[in-house]
Protein chains: 2
Amino acid sequence: MTDATLRDVARASGCSVATVSRVLAGTRPVGAETAARVRAAAAQLGYRPNHAARALRSRATGTVGLVLPQITNPFYPTLVRALTHALHADGRAVLLADCDDDPEAEAEHIADLLARRVDALLVIPAHERRSREAVAAAAARVPLVLMDRGCGTGVADSVAVDNATGMALVLDHLAAVGRRRVCFIGAAGTASAAAERRLAYESGAAALDPGAPDRVLLGDFSAEWGRAAVDELWESGPRDGEPGPEGEPGRCAPSGGGLPDALVCANDLIAIGALQRLQQRGVDVPGQVAVTGFDDIPMATLSAPGITTVRQPVSELAAEAARLLRRPPQDGTRPHRTIRLAPDLVVRESSAARRQSGHSARNEQDMTAQQDVTAQQDMTAQQDLTAKVEEAQ
Amino acid sequence: MTDATLRDVARASGCSVATVSRVLAGTRPVGAETAARVRAAAAQLGYRPNHAARALRSRATGTVGLVLPQITNPFYPTLVRALTHALHADGRAVLLADCDDDPEAEAEHIADLLARRVDALLVIPAHERRSREAVAAAAARVPLVLMDRGCGTGVADSVAVDNATGMALVLDHLAAVGRRRVCFIGAAGTASAAAERRLAYESGAAALDPGAPDRVLLGDFSAEWGRAAVDELWESGPRDGEPGPEGEPGRCAPSGGGLPDALVCANDLIAIGALQRLQQRGVDVPGQVAVTGFDDIPMATLSAPGITTVRQPVSELAAEAARLLRRPPQDGTRPHRTIRLAPDLVVRESSAARRQSGHSARNEQDMTAQQDVTAQQDMTAQQDLTAKVEEAQ
DNA sequence: GTGAAAGCGCTAACAA
DNA sequence: TTGTTAGCGCTTTCAC
């Protein structure tokens, strides 16, 4: 049994295909009675518009391409979920492409999606530099929004978490629970998350301790690195009490000797690895050392103790991306928008104040430091005015 | 600048659109020289076929719908990755829909995907019973493969892990490392994973201990439940040494008293919750109690100790699903295929042999020897010899 | 082996 | 407000 077409509906309702099209697409005003008749006939025949025909004619597929570096990155599923929901709410379907962190695969996927005539693209670039060419080329053809990561300057609109604010929330919190000897375990490189979080730490940590900004260890965004960093600190770092030698920058170089009382990790994976290795070494978390993460991936709740972290405003990020894609196509080269949304701090046991040394059996008490909604909007608006924003180098 | 069309290529290469189409689609034999000329012209113009037009004409979109209950379920990202790769290798694009565990949303997404003329559907049903209607209706219109979960009998082809084999691997392994007093922490309900894993435990555990098949606790597939189950066992269960009262079925009812020396969990989330609560109670894992999971989600590696678990053969599952979708459409009502693929056991520290136990398999003795803080490696390679199917990775 | 022509189902001009 | 007409870019008969 073949599907009903517009013509079938037209015949059944006794009017022309054009009228039926107008009723069903809501493009033009149509007489109430006719409209009713058309709708009845359509329902009766179980009419389903053929998107392929519609796409061919109207040059719009109602489809958005979503290009990810690796869906197995633990932060992305949440984001993908929010994005698909936001886009489906707009009546758009989502074509998914996973690039396996390979910029060449990414370029191919982008080309394929373009050939499939997606109306727009949402891209989390696989590589800060090597993704740029393909992304820029695509952005010239369809509306394109970069998410989470950047890929050079002035390529396209972008939406991401405000890393600086997030890091500031962490540092404020650590100060409030009396931590001073903080140390940053981050990721090397110039990608936005790595660089911005590191810079935010370096500029904010001085408020806790003059030596803190120099206590920085850089690796990558993995649990493996979190473990290694703790080993580095606890093995080659100066012992508690004895004044340490002046360390090189890039190593953890406590100005007054002693081990850190808080590890600020650039993401949750690092934090999980660090936490794990601390526990294996018999270090009490949070009793002796607090540990914080970034992103609030599902695992951050599941570890024991749960990890204090910065929750990315996933729904808002998705909504903002969807909004950018809804905007009418550009007349000429309007400057790109860079939208940064303020995150929340989620306080869990890994950063509890020292006296309540942590084996509270209740793991689920996430205390969300609720961020003022107005402030967040202001943040957005403010950034909107700054049309062009340079990536931190 | 508008895209080049077939006509453009035809003009540039001095032949008809039909010929160009045949060259580019490879549908019919074409003179070698003409073909070369066409290809050159196409490349020169940067020709990209318009999929919408192609779809309209050939009634095939080259697109597959992937319908998920919740992409945030930690097992799915890996599966989605494998599926998209397998499908992209076939030149198909993937339309993604996330249903938020809601069968009604699922039905809508399926209808939408059908309206968008997907060539086929891949569905992980949100609900064993309530997904059935929409799935069956869709299966009547396009090739449809169920993955991971079922939804009633005889609805469509399906591909899933062989839960029975997986559970048998776990029980064999526990026997080999000298565990006898095993207890199952599973999920209630009739959904395939829940029911099959439970049944496999019940029929396989007797080999370890006559009372084992009755030691079954049922909740859901969450870490929360894993924690609760441990509380139930350690609080209301009989103390070590004292003979316990005959317990009701559904509770853990050790026939000879005493706490379990191994917790067989129906998935990794339960295992993570159980492990966590055991540690909070000061129970040594694996010293006193072994813990095993199922699925091998990323978190299973990240916990300390790493969790011994059953790794789903994700690439093979994806390949098999893609293969089913490639098959030509059915003539009449051929019976549906149900494909079950054997998984591997991944031995990690959570089930290491106790040092005092004298007679364990060689593998596990090696394991024990390596079990210091730095031994974090999966023992997959060795176990592969025991497992019934080798991974093609 | 190649070309001409006829649509796939729909929307957008242009008339009425 | 409604109908008529012309395609969107492609594949696929059918001729040659």
Side-chain angles (χ1 to χ4, degrees), chain A residues 1-39 41-42 45-63 91 93 112 114-119 141, chain B residues 1-39 41-42 45-63 91 93 112 114-119 141:
Chain A
M1 174 194 120
T2 170
D3 287 330
T5 75
L6 261 196
R7 284 187 52 181
D8 299 328
V9 179
R11 243 192 316 257
S13 61
C15 56
S16 76
V17 285
T19 306
V20 177
S21 171
R22 295 197 262 256
V23 171
L24 269 29
T27 333
R28 296 281 205 99
V30 169
E33 197 182 330
T34 345
R37 239 185 18 251
V38 167
R39 255 184 279 271
L45 293 170
Y47 170 74
R48 290 263 165 210
N50 182 323
H51 283 248
R54 180 176 287 182
L56 176 58
R57 182 65 241 226
S58 59
R59 322 180 103 15
T61 52
T63 292
D112 178 60
L114 251 23
R116 289 178 186 275
R117 298 305 195 271
V118 292
D119 292 342
R141 320 230 302 100
Chain B
M1 176 193 118
T2 171
D3 287 329
T5 76
L6 262 197
R7 284 187 51 182
D8 299 327
V9 179
R11 244 192 313 257
S13 60
C15 56
S16 75
V17 285
T19 306
V20 177
S21 171
R22 295 196 262 257
V23 172
L24 267 31
T27 333
R28 296 282 204 99
V30 169
E33 197 184 330
T34 346
R37 240 186 16 251
V38 167
R39 256 185 277 275
L45 292 170
Y47 170 74
R48 289 268 166 204
N50 182 322
H51 284 247
R54 179 176 287 181
L56 175 59
R57 184 63 238 233
S58 59
R59 321 181 95 35
T61 52
T63 292
D112 179 60
L114 251 23
R116 288 177 187 275
R117 299 304 195 272
V118 291
D119 292 342
R141 318 224 312 99

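All chains are named by letter (A, B, ...) in the order of the sequence lines, taking the proteins before the strands, and each is independently numbered beginning at 1. Any value given below was found using the heavy atoms of this structure, including those in side chains, with hydrogens, waters and symmetry copies removed.
- Under the 4.5 Å side-chain criterion, counting only non-hydrogen atoms from C-beta, B/Leu6 is in contact with B/Leu24.
- Rounded to whole Å, atom C1' of D/dC14 lies 10 Å from atom CZ of B/Arg22.
- Of the two residues contacting DNA chain C, namely A/Ala52 and B/Arg28, the nearest-nucleotide position lying further toward the 5' end is that of B/Arg28.
- Counting to the nearest Å, the P atom of D/dT2 and the CZ atom of A/Arg37 are 8 Å from each other.
- DNA chain D is contacted by both A/Val17 and A/Ser58; A/Val17 maps to the nucleotide lying nearer its 5′ end (nearest heavy atom per residue).
- A residue-by-residue look at B/Thr19 and A/Thr27 shows that B/Thr19 has its nearest nucleotide of DNA chain C further toward the 5' end.
- Between A/Thr63 and A/His51 there is no side-chain heavy-atom pair separated by less than 4.5 Å.
- Rounded to an integer number of Å, the gap from B/Arg7 CZ to D/dG7 P is 10 Å.
- Taking 4.0 angstrom as the limit, A/Ser21 places none of its side-chain polar atoms (N or O) nearer than this to OP1 or OP2 of C/dC10.
- Inter-residue side-chain proximity for B/Arg116 and B/Thr61 is flagged as unmet; no heavy-atom pair is nearer than 4.5 Å.
- Across C/dT2, D/dC8, D/dT1, the shortest atom-to-atom separation from the side chain of A/Pro29 is found for D/dT1.
- Minimum atom distance to the side chain of A/Arg57 is reached by C/dT11, of the listed C/dT2, C/dT11, D/dC10.
- In the set D/dT4, C/dT11, D/dT1, the nucleotide with an atom closest to the side chain of A/Arg54 is C/dT11.
- One can place CG of A/Leu6 at 4 Å from P of C/dC10, the figure rounded to the nearest angstrom.
- Nearest nucleotide to the B/Arg59 side chain, out of C/dT11, D/dG3, C/dG9: C/dG9.
- If you take CG of B/Leu56 and P of C/dC8, they are 9 Å apart, rounded to a whole angstrom.
- For the atom pair B/Arg28 CZ and B/Ser21 OG, the distance stands at 10.5 Å (nearest 0.5 Å).
- Take the nearest nucleotide of DNA chain D for A/Val30 and for B/Ala18: the residue whose nucleotide is more 5' is A/Val30.
- Nucleotide D/dC10 holds its C1' atom 17 Å from the CZ atom of B/Arg48, rounded to whole Å.
- Distance A/Leu45 CG to C/dG9 P: 14 Å, rounded to the nearest Å.
- Between B/Ala10 and B/Val20 the shortest heavy-atom distance is CA-CG2, 3.6 Å.
- For C/dG9, neither phosphate oxygen OP1 nor OP2 lies less than 4.0 angstrom from any side-chain nitrogen or oxygen of A/Thr5.
- Atom NE2 in A/His51 sits roughly 12 Å away from atom C1' in C/dC10 (whole-Å rounding).
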